[in-house]
Each structure stands twice: as C-alpha cells, then as structure tokens.
Student: 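Below is one structure. I have some questions about it.
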Amino acid sequence: MTLADKKVLIVLTSHDQLGDTGEKTGFWLEEFAAPYYVLLDAGVSITLASPAGGQPPIDGKSELADFQTDATRRFDRDVKAQQVLANTVKLSGVSKEDYDAVFYPGGHGPLWDLVDNRDSLALITELNRRQKPVATVCHATAALLNVKDDNGDFYIRGKSVTGFSNSEEDAVQLTQVVPYLLEDELKARGGDYQKVDDWAPFVVQDGMLITGQNPASSEMVARALLKSL
C-alpha cells in the first residue's frame, strides 16, 4: 500500500468567538497550511471536516505579516486549496472507518468546540481502537482531553503528550480569556505533559499518538504522521 492509497481527515474548528472579549478566533493558518501541503505533496488523499461544515473561521491574527511562512504564502496563491477549505464536510457526516489517520490543526477555537464534540470523540476512539495515527498541534490537543478508552480511562492517561503551554498562553495574554489552560487539563487527566521553550518546535510521539506544542511544530507533526502511515 502506497501513500497514495492513504486517506487522512483534517478536522478544523468551527468556533470563532474568543471568549467574551468580542474578538474573533478560529484556527491558526500555519497549523493547517503546513501539514496540508506536507500530506498533499506526499500524495495522500485529504478530506477536510469541521463541526459546522463549510468555511471554518481563520484566526485573523494568523494572517498578519509576522506569522507568514512558506506554507501560508503558498496557500494564499492556491485557489484550489482555498475552495477545498471553504467547503469542509460536516464532521457528523464523516464515516470513521474510511480514514487511515486524523490531524487536528490548532488555534484557540478547538478549546471551545472540539473538546466535547461527540463526533470528534467517536472518531478518535475508533482510530485508537484500530491503531491508526491521531495527530494534533497546539490548542487542538484539547480534542484529546475527554476521549476515553474501552475501560473508561482517559485516552491520554500515562501517554506522553504536548500542546500549547501555560507560559505561551501567558505570553499571548489570554490566560484569563481561555476556558481552561490546556497544559493543566492534560496533566489533570494523567497525561505525561512535556514541553520545551516557548515557540520552539517540539513534537512528542507515543505509539500512534502524535502531538505538537505550538505553531512552529505543525510541519514536524505532519512529517511524523506521514512516517506513521
């Protein structure tokens, strides 16, 4: 079986409100664009999904000049990719058995709508059961928080994981805005939370679970996912 036979589902947030600040949020463009092109260039078949379907909200801050990368600039020129993104399928309509792996891009949005989404929880549970890769980056590691195994234990209990750190949340001055601190919640569920310096690329793999700390880690997560396929 070649990579061209592999199907990866990318699950994006549909949540666009940054708490009660009146500001917008969503997914972080680099965390989608870099993995999307890593997978696309490898010949993998990609499907994009979100809880609401359609165009998922892009965090406007991630489109600022300071945060542009080769991948985001490629996306800005890629009309086809923009059309694919504008037409994500509804997560509730996804057949879990069709996919060889799932990847969750971050941004603050997932903290709200992917932590308890029943379709997302069922998807991760099914892929875990089938020993298929589950990959997340940054705040999207929140999608793992409430997944349980067949024994009723938290999926991440005893597993090495990472995600956006408390110090990084403090650096972007959103500690008082987010509904919870991801680092704290991962630890509270028994995850072996690991991190490096703020903004440095860092990826942890534990079996078929792959997690990245921050936007700088997104391409590394995708490359680890490719290897696991």
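When reading the values below, keep in mind they use all heavy atoms of this one structure, side chains included, and skip hydrogens, waters and symmetry mates.
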Student: Check this for me: does any side-chain nitrogen of one of Arg73 and Asp70 sit under 4.0 Å from a carboxylate oxygen of the other?
Tutor: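 Here Arg73 pairs with Asp70 in a salt bridge, since their nearest N and O are under 4.0 Å apart.
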Student: The criterion is side chain to side chain donor-acceptor pair (under 3.5 Å); which residues satisfy it with Glu97, sequence neighbours excluded?
Tutor: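 Result, side chain to side chain donor-acceptor pair (under 3.5 Å) vs Glu97: Ser95.
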Student: Measuring centre to centre across the rings, with the benzene-like ring taken for any Trp, is Trp112 within less than 6.0 Å of Tyr180?
Tutor: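 Between Tyr180 and Trp112, which both carry aromatic rings, the centre distance is not below 6.0 Å.
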Student: Given 3.5 Å as the limit, does a donor-acceptor pair link the side chain of Ser217 with the main chain of Phe202, or not?
Tutor: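 Yes, Ser217 side chain to Phe202 backbone: donor-acceptor pair under 3.5 Å.
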Student: Cluster question for you: counting only ILVMFWY and a side-chain heavy-atom cut-off of under 4.5 Å, with indirect links fine, are Ile46 and Phe27 together?
Tutor: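 Yes, it is one cluster - the side chains of Ile46 and Phe27 are joined through contacts under 4.5 Å.
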Student: Should Ile58 and Leu111 be regarded as members of a common hydrophobic cluster, given that ILVMFWY residues are connected when their side-chain heavy atoms come within less than 4.5 Å of each other, either directly or indirectly?
Tutor: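 Cluster IDs for Ile58 and Leu111 differ.
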Student: Hydrophobic clusters here meaning ILVMFWY residues chained together by side-chain heavy-atom distances under 4.5 Å, can you tell me if Val137 and Val204 are in one?
Tutor: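 No, Val137 and Val204 fall in different hydrophobic clusters.
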Student: Does one side chain, of Thr2 or Asp5, offer a donor that lies under 3.5 Å from an acceptor on the other?
Tutor: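 Distance-only check passes for Thr2 and Asp5.
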Student: Testing the 3.5 Å rule here: is there a donor-acceptor pair between the side chains of Glu168 and Gln213?
Tutor: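 A pair is found: one side chain offers a donor N or O, the other an acceptor, under 3.5 Å apart.
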Student: Just to verify, which of Ile124, Leu144, Leu209 counts as forming a side-chain contact (heavy atoms from CB on, under 4.5 Å) with Thr136?
Tutor: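 Answer after filtering Ile124, Leu144, Leu209: Leu144.
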Student: Is a donor from one side chain sitting under 3.5 angstrom from an acceptor on the other, for His108 and Glu23?
Tutor: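 Their side chains do not contain a donor-acceptor pair, so the 3.5 Å distance test is not met.
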Student: When hydrophobic residues are tied together by side-chain contacts of less than 4.5 Å, even through go-betweens, does Tyr104 share a cluster with Val161?
Tutor: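 Same cluster.
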Student: Is it the case that the side chains of Asn146 and Tyr155 hold a donor-acceptor pair, with the cut-off being a distance below 3.5 Å and no angle test?
Tutor: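 Not at all, the side chains of Tyr155 and Asn146 share no donor-acceptor pair under 3.5 Å.
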Student: Salt-bridged, Arg157 to Asp149, with N to O below 4.0 Å?
Tutor: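 Between Asp149 and Arg157 there is no salt bridge, as every charged N stays at least 4.0 Å from the carboxylate O atoms.
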Student: Go through the structure and list residues passing salt bridge (charged side-chain N to carboxylate O under 4.0 Å, His left out) with Lys7, not counting sequence neighbours.
Tutor: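 Partners of Lys7 under the salt bridge (charged side-chain N to carboxylate O under 4.0 Å, His left out) test: none.
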Student: Below 30° counts as parallel, above 60° as perpendicular, anything between as tilted: where do the rings of His139 and Phe164 land?
Tutor: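 Tilted.
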Student: Flag yes if more than 12 heavy atoms outside Asp98 fall under 6.0 Å of its CG atom; otherwise flag no.
Tutor: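 More than 12 heavy atoms, drawn from other residues, nucleotides or ligands, come within 6.0 Å of this atom.
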Student: Going by atom types only, do Glu30 and Ser218 share a side-chain donor-acceptor pair under 3.5 Å?
Tutor: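 Yes - a donor-acceptor pair under 3.5 Å links their side chains.
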Student: Does any N or O in the side chain of Tyr193 come within less than 3.5 Å of the main-chain N or O of Gly163, such that one atom is a donor and the other an acceptor?
Tutor: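 Yes; judged by distance alone, with no hydrogens or angles, the pair exists.
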Student: Is there a continuous path of hydrophobic side-chain contacts, each under 4.5 Å between heavy atoms, that joins Ile10 to Leu226?
Tutor: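 Per the 4.5 Å side-chain linkage, Ile10 and Leu226 are co-clustered.
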Student: Looking only at the side chains, is there a donor atom on one of Gln205 and Ser160 sitting less than 3.5 Å from an acceptor on the other?
Tutor: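 There is no such pair between these side chains.
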Student: Is it true that the side chains of Asp119 and Ser92 contain a donor and an acceptor less than 3.5 Å apart?
Tutor: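 Distance-only check fails for Asp119 and Ser92.
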Student: Does CZ belonging to Arg74 count more than 12 external heavy atoms closer than 6.0 Å?
Tutor: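 Correct, the count exceeds 12.
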Student: Only one of Val134, Thr162, Leu225 clears side-chain contact (heavy atoms from CB on, under 4.5 Å) with Ile210; which?
Tutor: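 Looking at Val134, Thr162, Leu225, the match for Ile210 under the side-chain contact (heavy atoms from CB on, under 4.5 Å) is Leu225.
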Student: Would you please test Lys24 and Asp16 for salt bridge (charged side-chain N to carboxylate O under 4.0 Å, His left out) and show each step?
Tutor: CA-CA 5 Å; Lys24 294 288 190 183; Asp16 69 352; 3.3 Å; yes
